[in-house]
Amino acid sequence: MPELPEVETVCRGLAPHLSGRRIESVECLRADLRFPLPDMSVLHGRNCERVERRGKYLLFFFGDLLLVWHLGMTGRFHVLPAAVPRQPHEHVRLLLSGGECLIYRDARRFGYAGIMAADAWQMHPWFVRLGPEPLGDAFDTDYLAACCKGRRGPVKPLLMNAQVVVGVGNIYACEALFRSGIHPLRPAGRIARQRLQGLVGSVRAVLAEAVASGGSTISDFARVDGSPGYFSHAFAVYGREGEACQRCNGVIRRGVQAGRSTFYCPYCQR
DNA sequence: AAATGAACCTGTTTGC
DNA sequence: TGCAAACAGGTTCATT
């Protein structure tokens, strides 16, 4: 469910509730999600200094320990009063100083968590091969052109490859390709530099706009306070098979690429 | 090398 | 109406 804008929205929602709070108790309602859960009792009594995001990972800093959490497809965090009843698919609950609790819910349990040394997380296997942040300076035309050079595979899976650039999932890959007029099946190595420049701009723009809208809610995603993200209303192609293209009035098509639905305008995207 | 498909799970929607 | 198949925002691994 969550791509960069959704994880960023969760991160911003969590920060004011977590920063400066102590973990009073830890409740794990099951031993594993996608992977075995770490022993979270080591966080007991520790103070959370800050919450950050790297790619689609959330980072909770606790002194020399770091709690890392990936939401998978249906993971969500909520901060609620400590006395709140069990929530559907609730798997972990951390009681916080100040009377609130942090609840992790995840219907499909594709999410996962880990605890590692706070000064060495970037060397962890989850992070060591990640590409640059799409909203940072390192993601530019030169960089993307170097990634595409000589590659005969289609551009869309490349855009969704976290080793190339983090945070771009199925929705925003479709949207960014539409905005830049590039067909999702086009071989990555056969895109003119000027069009790659446009693609870099489209990726950055669509992600920034989605962050400003609080992410996209299709069915599962919710912010920390339970409210939805509004960017789904702004989709140009995602989920719009059979509808009219807003640019050329042609019919939006859906195809399957690498096992994922791809939405595109066959007239605008070449 | 690189692309596809399956696997991990459950809930919801679609189609016969 | 009911049941089964298809499908869903992610990631990793084995197989062509």
Side-chain angles (χ1 to χ4, degrees), chain A residues 1-11 29-37 53-58 68-77 87-91 104-114 124-131 134 147-177 184-190 203 206-207 209-211 213-223 228-235 237-242 254-263:
Chain A
M1 143 245 286
E3 303 183 34
L4 183 148
E6 291 73 40
V7 181
E8 178 65 23
T9 297
V10 171
C11 182
L29 280 61
R30 56 180 307 135
D32 49 55
L33 297 171
R34 177 174 181 169
F35 307 124
L37 281 165
R53 176 192 60 76
R54 168 75 172 112
K56 295 171 187 169
Y57 291 89
L58 289 164
V68 176
W69 214 298
H70 193 292
L71 301 174
M73 293 275 258
T74 51
R76 45 199 278 186
F77 276 112
Q87 303 294 297
H89 302 293
E90 176 179 339
H91 303 308
Y104 180 71
R105 300 167 52 183
D106 190 345
R108 292 176 72 180
R109 306 201 303 275
F110 283 179
Y112 50 98
H124 188 279
W126 292 346
F127 298 102
V128 73
R129 305 175 93 153
L130 290 186
C147 292
C148 290
K149 188 177 169 72
R151 302 195 53 159
R152 283 171 287 186
V155 61
K156 189 195 170 214
L158 178 134
L159 214 47
M160 293 171 64
N161 182 346
Q163 295 186 29
V164 172
V165 61
V166 297
V168 181
N170 202 32
I171 292 176
Y172 297 106
C174 290
E175 295 295 319
L177 289 168
L185 289 171
R186 171 164 284 273
R190 299 197 52 223
V203 168
V206 74
L207 293 177
E209 289 170 30
V211 169
S213 300
S216 303
T217 294
I218 294 172
S219 61
D220 289 294
F221 175 71
R223 305 198 220 192
Y230 297 107
F231 192 72
S232 21
H233 300 293
F235 292 164
V237 287
Y238 188 85
R240 296 195 179 281
E241 179 186 18
R254 171 184 174 275
V256 176
Q257 210 179 349
R260 316 295 299 278
S261 286
T262 295
F263 298 90

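These figures come from a predicted structure and were not determined experimentally. Below, all heavy atoms of this structure are taken into account, side chains as well, without hydrogens, waters or symmetry copies. Letters A, B, ... are given to chains in the order of the sequence lines, protein chains preceding strands, and every chain is numbered from 1.
- Across all strands shown, A/Gly169 has heavy atoms under 4.0 Å from sugar-phosphate atoms exclusively, and none from any base.
- Among residues two or more places apart in sequence or in another chain, the salt bridge (Lys or Arg N to Asp or Glu O under 4.0 Å) test is passed with A/Arg254 by none.
- Heavy atoms of A/Arg34 sit under 4.0 angstrom from at least one base atom.
- At a threshold of 4.0 angstrom between heavy atoms, the contacts of A/Ser232 with the nucleic acid are absent.
- Going from atom CZ of A/Arg240 over to atom P of C/dA8 covers 16 Å, rounded to whole Å.
- Mapping heavy-atom proximity under 4.0 Å, the span of DNA chain B touched by chain A runs 5' to 3' from B/dA3 to B/dG11.
- Remark: C1' of C/dT12 and NE2 of A/His124 are 15 Å apart, rounded to the nearest angstrom.
- Separation of the A/Trp69 and A/Tyr104 ring centroids falls under the 6.0 Å cut-off.
- Inspection of the A/Ser216 and A/Tyr172 side chains reveals an N or O donor paired with an N or O acceptor under 3.5 Å.
- Distances shorter than 4.0 Å separate none of the side-chain N or O atoms of A/Arg260 from OP1 or OP2 on C/dC7.
- Contacts of A/Tyr172 with the nucleic acid, taken as non-hydrogen atoms under 4.0 Å apart, are absent.
- Distance A/Phe127 CZ to C/dT11 P: 11 Å, rounded to the nearest Å.
- In this structure, CD of A/Gln257 is placed 17 Å from C1' of C/dA8, rounded to the nearest angstrom.
- Aromatic stacking is marked for A/Phe110 over C/dG10, as both cut-offs hold: 5.5 Å for the centres and 30° for the planes.
- Residue whose closest nucleotide on DNA chain B sits further toward the 5' end, between A/Arg151 and A/Gly259: A/Arg151.
- Taking a pair as Watson-Crick or G-U wobble with both distances under 3.5 Å, DNA chain C forms stems of 3 or more consecutive pairs at B:2-8 with C:10-16, B:10-16 with C:2-8.
- A/Phe231 comes within 4.0 angstrom of nothing in the nucleic acid, heavy atoms only.
- Between the P atoms of B/dG5 and C/dA6, the separation comes to 14 Å (whole Å).
- Between A/Glu8 and A/Arg53 a salt bridge is recorded (basic side-chain N to carboxylate O distance below 4.0 Å).
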